[in-house]
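As the structure lists them, so they are numbered: ligands from 1, and atoms in each ligand from 1. Sequence positions, counted from 1, serve as the residue numbers for this chain.
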Amino acid sequence: MTAWLLDPGVLHLNHGSFGATPAAVLEAQQGIRERIELNPTRFFLEGEYQERLDQARRAVAHFVGADEAGLVFVTNATAGVNAVFRSLEPSLEPGDEILVTDHEYNACTNAAIVSASRAGAVVTTAAVPFPLEHEREVVDAVVAAVTERTRILLIDAVTSATGLVLPVAELVARLEPDVRVLVDAAHAPGMIDFDVSRLGASYVTANCHKWMCSAKGAAFLWVRPDRRDDVYPAVISHGYNGGWPSEGGHLHAQFDWTGTHDPSAWLTVPDALTTVEAMHPDGWPGVRNVIRERCLQGRERLVEALSIESPAPGDMIGAIASVPLPPADNSGSAIFDPLMGALRDRHGIEVPVFTWPAPPERVLRISAHLYNQQGDYDRLAEALVAELGT
Ligand SMILES: Cc1ncc(COP(=O)(O)O)c(C=O)c1O
């Protein structure tokens, strides 16, 4: 069995957007689905679901340095961010501010905008430079945007379009507890050394289906002990009035059941952790080192081909990296630039080209995973030169 199901006719340089799941994990997921279908009532109502869920939670909590009582599964990081903002709405007052950066993922900024508007609050934006020379520029930009009305900062551990590892620990240390920090760590676990409790933020949400390589639809939300009792999922279910009895405390009671769905992605996260760990003799630290080195070398190749300076210091790079491209000569307004389609259709390369910060400016983002080779980035560099005529 090959390790991944990725189409061998395509060059995959976009692990960052949706991850990729090893075949062995998908097989384990199918096993869970068959187990559920043998007798759904028994599975969900007679303890098996809760037992397996608690096992999966234990594995994830151990992997990210979190305590189990504070960790719940959600379908994706978007759901984690929505749960926090929805839970915060009742405590926001007119004129309060939710602070984001201009590197924030569009969907999550939208969640902030909707919750702010329900409460009469506003979303303010810290402009973080890109290219940049030092992570200090991020800290300075965010701290300068904090006012006495700022209630919460939404900040990425690793940014989406610009692929930067941000100094979130320093920001948390500077702002908490006066300003709550919600860390959108969608890319962090599995890509960078990431320890949830050490960070000290009020809230952390992260995907398992990106760099932990689980099946799709698995993510977690962790809440610091002093914030736990006020957090609810965006979808309210039985747990609200005690209808989902739980020995795991408030968060487990609210989030462990949010209506009928296929929990197999959550339940097989432990399989993803052991499967990827076994792909390198040094386990996860080895995997992280390899994919980061591969990404940095890939970025070097692109920077050379485009005759530009590296847009960010190497210590702000994990396994995704972005390079600015010459502005587009079209005036499209979509999140993705048409060059992405050209690279796919004419060169067989899947790699995202984001319009960032707004058209016609754009960036191309590479990803590196164990299935990528150095030659992949040579091929991308050649295709880019052909398309851009540089
Ligand atoms: C920084 C960041 N936050 C949130 C998300 C959303 O992830 P999901 O679609 O799994 O909710 C992404 C997706 O790429 C992201 O890059």
Side-chain angles (χ1 to χ4, degrees), residues 12-21 60 72-86 98-114 123 125-126 128 130 138 142 152-168 171 181-192 194 199 201 203-222 233-235 255 258 261 265-266 269 272 295 312 316-322 335-336 340 350-357 363-369:
H12 299 275
L13 297 177
N14 190 18
H15 192 93
S17 285
F18 306 107
T21 310
V60 173
V72 287
F73 281 103
V74 288
T75 310
N76 46 50
T78 307
V81 167
N82 272 273
V84 172
F85 282 134
R86 289 299 298 265
I98 297 178
L99 178 60
V100 301
T101 77
D102 55 355
H103 291 234
E104 183 52 57
Y105 187 70
N106 178 58
C108 298
T109 301
N110 286 343
I113 290 170
V114 170
V123 173
T125 305
V128 172
F130 183 77
V138 181
V142 172
I152 182 166
L153 165 70
L154 167 63
I155 186 89
D156 291 349
V158 183
T159 62
S160 180
T162 47
L164 298 172
V165 178
L166 297 185
V168 283
L171 283 166
V181 179
L182 162 54
V183 180
D184 173 356
H187 289 276
M191 182 209 274
I192 59 174
F194 188 72
L199 205 53
Y203 318 96
V204 178
T205 188
N207 280 325
C208 306
H209 53 222
K210 286 191 192 287
W211 300 88
M212 288 160 73
C213 299
S214 78
K216 285 161 189 56
F220 69 84
L221 170 66
W222 177 84
V235 172
F255 283 83
T258 54
H261 80 129
W266 297 354
V269 177
C295 181
M316 291 184 75
I317 300 300
I320 54 176
S322 293
I335 291 174
F336 295 105
M340 182 173 171
E350 284 292 0
V351 65
V353 181
F354 300 103
T355 53
W356 194 91
V363 292
L364 174 141
R365 186 188 74 191
I366 54 168
S367 293
H369 213 283

- Query: Judged by atom type as modelled, is there a donor-acceptor pair below 3.5 Å linking the side chain of T101 to the main-chain atoms of A126?
  - Reply: no
- Item | Donor-acceptor contact below 3.5 Å, side chain H209 vs main chain A218 | yes
- Within the structure, does D156 bring an N/O atom to less than 3.5 angstrom of an N/O atom in ligand 1? no
- Query: Mind checking whether H209 has an N or O less than 3.5 Å away from an N or O of ligand 1?
  - Reply: yes
[Y] and [X] side chains, donor-acceptor separation under 3.5 Å:
{"X": "T159", "Y": "D156", "answer": "no"}
{"X": "R365", "Y": "S17", "answer": "yes"}
{"X": "T162", "Y": "H103", "answer": "yes"}

Using a 4.0 Å cutoff against the non-hydrogen atoms of [X], which atoms of ligand 1 qualify?
{"X": "A186", "answer": "2 (C), 3 (N), 4 (C), 5 (C), 12 (C), 15 (C)"}
{"X": "C108", "answer": "4 (C)"}
{"X": "S160", "answer": "16 (O)"}
{"X": "H187", "answer": "14 (O), 15 (C), 16 (O)"}
{"X": "N76", "answer": "8 (P), 10 (O), 11 (O)"}
{"X": "T78", "answer": "6 (C), 8 (P), 9 (O), 11 (O)"}

Nearest protein heavy atom with distance in Å, relative to [atom]:
{"atom": "atom 6 (C) of ligand 1", "answer": "Y105 CE2, 3.3 Å"}
{"atom": "atom 3 (N) of ligand 1", "answer": "D184 OD2, 2.6 Å"}
{"atom": "atom 13 (C) of ligand 1", "answer": "K210 NZ, 3.0 Å"}
{"atom": "atom 7 (O) of ligand 1", "answer": "N207 ND2, 3.2 Å"}

- Item | For C208 against F220, the heavy-atom pair lying closest together | SG-CD2, 4.2 Å
- Please round to the nearest 0.5 Å and tell me the distance separating atom CE of M340 and atom OG1 of T355. 11.5 Å
- Query: Step by step, would you call F354 with F336 a ring pair (Phe, Tyr, Trp, His ring centres under 6.0 Å)?
  - Reply: CA-CA 5 Å; F354 300 103; F336 295 105; 5.4 Å; yes
